Asker: 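This is the structure, below, for whatever I ask next.
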Amino acid sequence: MNELKPILLAEDSDLDAELTMTSLAELQLANELVRVSDGAEALNFVYRRGAYAGRDSSDPLVLLLDLKMPRVDGLEVLKQVRADDALNSLPVVMVTSSREERDLVASYRLGANAYVVKPVDSDQFTKTVKTLGLFWAVVNATPRRRAP
Amino acid sequence: MPEIPGGASPRATPGDPMRPGHRLGFSVAILLLLLIGGVAFRSTRLLIASTRAVEHTHDVRRQISGLQTYLSLAESARRGYALSGDETLWEPFADIETQLQGRVVVLRALTRDTPAQQARLDRLVGLLEQRGRSLIDAVTERRERGPQFGQMRLAQRALSDRIRAELQAMDAFETTLLEERRDAAEASARTTVALLTGGGLTALFLLGLAFAALRREAGARARAEAELRQQNGLLENVIRSSGDGIVVTDEKARFVLFNPAAERIVGRGATDAPPDRWAETFGVFLPDGETPFPTERYPLLRSLQGESCDDVEQLIRNPALPAGALIRVSSRPLREADGSIRGALAVLRDVTAEKQAEHRITSLNRELAETVQELRSVNAELEAFSYSVSHDLRAPIRHIDGFVGLLRHHAEGSLDEKGRRYLGVIGDAAKRMGRLIDDLLEFSRTGRADLRRGSVDLEALVQEVRAEVQQDAEGREIAWQVGPLPSVTADRALLRVVLVNLLSNAVKYTRGRSPARIEIGARPGNGRHEVYVRDNGVGFDMAYAHKLFGVFQRLHRTEEFEGTGIGLATVRRVLHRHGGEVSAEGRPDAGATFSFWLPREES
């Protein structure tokens with residue numbers, strides 16, 4: 001049984017972020033939805049530093065990462081999270097426009113749990129996001145954080 | 001080498017043109033002739049001897065007869081004298097004793113070789129002396145005592161008889177001897193004649209054989225010579241007619257053959273000039289056209305040292321070839337049977353045109369490669385462009401679409417019919433743009449992505465795609481017929497794209513049919529897999545079949561059937577990348593069949 005972990009969305013496009021958040025909101029999940037604009041902020045959130053120093057919420061339920069973000073991109077975040085013993089098992093889903101084979105390969109090789117291509121059709125987009133949210137928040141089980 | 005025709009006898013050796021058989025034959029013939037000659041010679045000698053012996057016998061008999069006559073004449077003379085007392089009658093016989101002695105001597109000489117006769121002669125001598133003396137005594141008696149005296153006594157008559165007997169015996173002996181000798185002579189003659197005839201015939205026979213043999217040899221030689229002449233004629237013809245230059249030198253690098261083609265190719269005929277002057281005489285340069293050809297590198301000279309040279313290039317420029325001609329020379333040494341080098345042979349070919357063609361080909365190839373390279377990079381740029389454009393257009397389109405939806409929700413109540421319709425139009429347009437972009441992206445991807453070939457179970461894939469495509473046909477009655485389909489070697493993801501396009505097309509264009517029939521099956525094909533998708537939808541006019549697979553080409557208006565016009569272009573691209581092909585058949589309002597084939601992979 002999950003504690004209520006936040007769902008972290010790292011997305012640089014405000015409009016895409018709005019659409020995503022709106023769709024997720026329709027699910028009426030109890031989990032907190034947090035949006036950051038780039039990879040650096042995502043890491044700050046995860047490590048509870050910077051602007052998110054001292055946050056008291058648990059580790060994220062799932063990281064929804066866009067690939068192409070300024071400063072620190074999705075793959076970099078993925079790499080760091082996977083390198084960290086404590087955060088190793090954090091579910092990470094790449095949510096991106098890129099269908100490129102090499103991005104797919106790189107993401108999986110670095111240990112992404114899933115790779116979802118953003119549909120251009122908004123209905124599809126909404127459906128996809130909802131499916132994602134439902135799966136990770138309700139269906140999937142994740143381990144507790146290991147004691148440091 | 002022409003075979004010299006002949007019998008089965010051993011061949012002549014090169015040093016000795018006569019065959020052993022002939023040699024033997026001639027030796028035997030000569031021996032025979034010598035033999036016959038010898039025998040004939042001996043025979044003739046015998047004949048001569050015999051003849052001489054016969055003559056001899058005649059002589060003896062003559063002498064004997066002569067003696068007998070003499071004795072008779074002497075007796076007659078005595079008697080005559082006794083009667084007449086005429087001295088002249090007795091005068092010729094006065095020396096009768098001497099005469100008789102002389103005749104005996106002659107006889108003795110003549111019968112030297114017959115002891116029997118000698119014995120008789122011995123007896124005769126005594127008798128003849130007696131007779132001679134008795135005759136002389138008789139004569140003397142008459143002379144001195146008168147006509148009543150000088151008669152022959154009876155004893156004398158007996159003596160005469162005895163003498164006569166002896167002489168007759170001698171004569172008979174000689175006669176017998178004569179006969180014997182004559183027989184011998186005749187026999188000898190016959191033998192000689194026979195031998196001579198036989199010898200002559202043998203000689204003729206051998207001559208005949210020799211003649212026949214010689215004739216045969218001559219015939220054989222004539223045939224061989226004719227063949228040789230023919231061969232030579234042929235060879236000469238070949239050399240004269242050859243389109244390649246043929247040049248031969250002797251071991252001292254003097255030209256002995258320079259065929260018409262060589263003259264044509266080099267622009268002049270042979271020269272007496274020594275090799276170190278060939279460059280200036282013929283105008284020979286290295287292919288660069290400037291450096292005179294180094295003497296030691298002439299293929300002919302190298303071959304005189306035993307080297308085989310191939311495809312040495314020389315440039316010839318002289319008054320007859322002012323523009324210069326590139327020739328290719330190959331040469332070989334010419335050897336005697338014992339391996340020593342007796343000359344060199346070179347074959348020349350004018351390759352000026354060839355070289356030019358080669359150069360053209362090379363430069364054309366280079367151009368081609370450059371063009372291909374350009375095309376490749378242009379293609380790559382286009383692909384990159386279309387990819388990035390499509391990619392970057394997706395977000396804004398998604399936003400339009402998304403926010404139109406949000407607006408609809410938000411302004412649910414406050415929008416009137418028109419407002420809702422306008423929003424709908426905007427939303428649909430955005431959606432359509434989105435589909436177009438996605439299709440373009442897919443089309444671009446199928447061209448760029450690396451092919452990942454694997455074994456693909458077509459039946460399973462078809463079922464998978466059918467399930468997906470079925471979703472767009474909720475509520476419709478579709479009769480699917482999926483035949484047995486083979487496993488093929490292909491990129492699964494790309495093949496999926498093909499099937500999605502073809503099946504969704506089939507579903508789309510059978511809208512209005514109840515039931516819609518969609519059949520997917522395989523056809524046997526040698527060396528390839530053939531698959532078809534047949535539907536009973538609206539079909540198309542074959543007149544426009546060539547447009548089907550073009551990019552953005554459609555045969556129906558968007559209002560009739562939505563679509564981007566890229567799907568089939570994508571299908572064709574995927575098939576082409578696999579080395580296969582897609583084609584379509586249809587009739588208006590009578591359905592369509594889309595067929596594609598993939599090459600069968602050799603495992």
Side-chain angles (χ1 to χ4, degrees), chain A residues 9-28 33 35 37-38 64-70 73-75 94-109 114-133, chain B residues 383-384 386-410 423-424 426-452 468 471-472 491-494 496-497 500 562 564 566 570:
Chain A
L9 170 68
E11 167 65 66
D12 65 329
S13 158
D14 288 341
L15 295 176
D16 270 343
E18 187 175 334
L19 287 174
T20 310
M21 299 296 267
T22 312
S23 306
L24 281 177
E26 286 180 27
L27 286 175
Q28 297 189 331
L33 304 173
R35 181 254 167 135
S37 316
D38 61 41
L64 303 175
L65 291 182
D66 191 6
L67 266 181
K68 302 210 179 354
M69 295 184 289
D73 69 11
L75 284 178
M94 317 309 291
V95 182
T96 174
S97 321
S98 168
R99 247 187 174 277
E100 284 297 291
E101 192 70 20
R102 59 169 180 267
D103 291 330
L104 253 161
V105 169
S107 305
Y108 273 101
R109 204 170 269 156
Y115 188 103
V116 174
V117 177
K118 286 190 245 184
V120 69
D121 181 293
S122 65
D123 291 338
Q124 289 278 35
F125 183 80
T126 309
K127 212 187 283 186
T128 305
V129 169
K130 280 186 177 172
T131 308
L132 263 180
Chain B
E383 288 283 354
S386 60
Y387 171 76
S388 63
V389 161
S390 318
H391 191 267
D392 293 339
L393 286 175
R394 290 174 105 235
I397 292 171
R398 181 170 48 248
H399 299 159
I400 296 174
D401 192 35
F403 281 88
V404 157
L406 289 177
L407 179 59
R408 264 228 202 98
H409 260 228
H410 182 78
L423 266 183
I426 296 171
D428 286 346
K431 280 205 194 322
R432 188 169 146 63
M433 253 201 298
R435 274 197 297 275
L436 201 59
I437 297 292
D438 268 349
D439 281 355
L440 261 179
L441 267 177
E442 186 174 78
F443 177 71
S444 162
R445 206 168 45 80
T446 58
R448 278 181 303 112
D450 290 332
L451 234 55
R452 264 192 312 184
E468 180 182 314
Q471 291 177 352
D472 297 336
D491 183 313
R492 194 176 199 279
L494 292 182
R496 192 176 205 289
V497 167
V500 163
E562 76 286 3
T564 56
I566 307 180
T570 306

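By convention in this document, chain letters (A, B, ...) are assigned in the order of the sequence lines, proteins followed by strands, and residues within each chain are numbered from 1. This structure is a prediction, so every number in the text was calculated from the model and none was measured. Both backbone and side-chain heavy atoms feed into the values below; hydrogens, waters and symmetry mates do not.
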Asker: Is there side-chain contact between Lys431(B) and Val120(A), with heavy atoms separated by less than 4.5 Å?
Answerer: no
Asker: Determine yes or no for a side-chain-to-main-chain donor-acceptor pair under 3.5 angstrom, with Arg398(B) supplying the side chain and Pro119(A) the backbone.
Answerer: yes
Asker: For a 4.5 angstrom cut-off between non-hydrogen side-chain atoms, does Arg99(A) reach Leu441(B)?
Answerer: no
Asker: Considering residues, nucleotides and ligands other than Lys127(A), do more than 12 of their heavy atoms fall under 6.0 Å from its NZ?
Answerer: no
Asker: Taking side chain as everything from C-beta outward and backbone as N, CA, C, O, which of these in Arg452(B) sits under 4.5 Å from a heavy atom of chain A? Side chain, backbone, both or neither.
Answerer: side chain
Asker: Is Asp401(B) reaching over with its side chain to a backbone N or O of Ser122(A), donor-acceptor style, under 3.5 angstrom?
Answerer: yes
Asker: Kindly indicate, with the supporting measurements, whether the criterion side-chain contact (heavy atoms from CB on, under 4.5 Å) is fulfilled by Leu19(A) and Leu406(B).
Answerer: CA-CA 9 Å; Leu19(A) 287 174; Leu406(B) 289 177; 3.9 Å; yes
Asker: If you measure from CG on Asp121(A) to CD1 on Ile397(B), what distance do you get to the nearest 0.5 Å?
Answerer: 11.0 Å
Asker: Sequence neighbours excluded, which residues qualify as salt bridge (Lys or Arg N to Asp or Glu O under 4.0 Å) partners of Arg408(B)?
Answerer: none
Asker: Pick one of side chain, backbone, both or neither for Ser98(A), based on which atoms fall under 4.5 Å of a heavy atom in chain B.
Answerer: both
Asker: Using heavy-atom distances under 4.5 Å, tell me whether Ser13(A) contacts chain B through its side chain, its backbone, both, or neither.
Answerer: side chain
Asker: Using heavy-atom distances under 4.5 Å, tell me whether Glu18(A) contacts chain B through its side chain, its backbone, both, or neither.
Answerer: side chain
Asker: Name all pairs fulfilling the salt bridge (charged side-chain N to carboxylate O under 4.0 Å, His left out) condition that reach into residues 437-446 of chain B, sequence neighbours left out, sorted by first residue then second.
Answerer: Arg394(B)-Asp438(B)
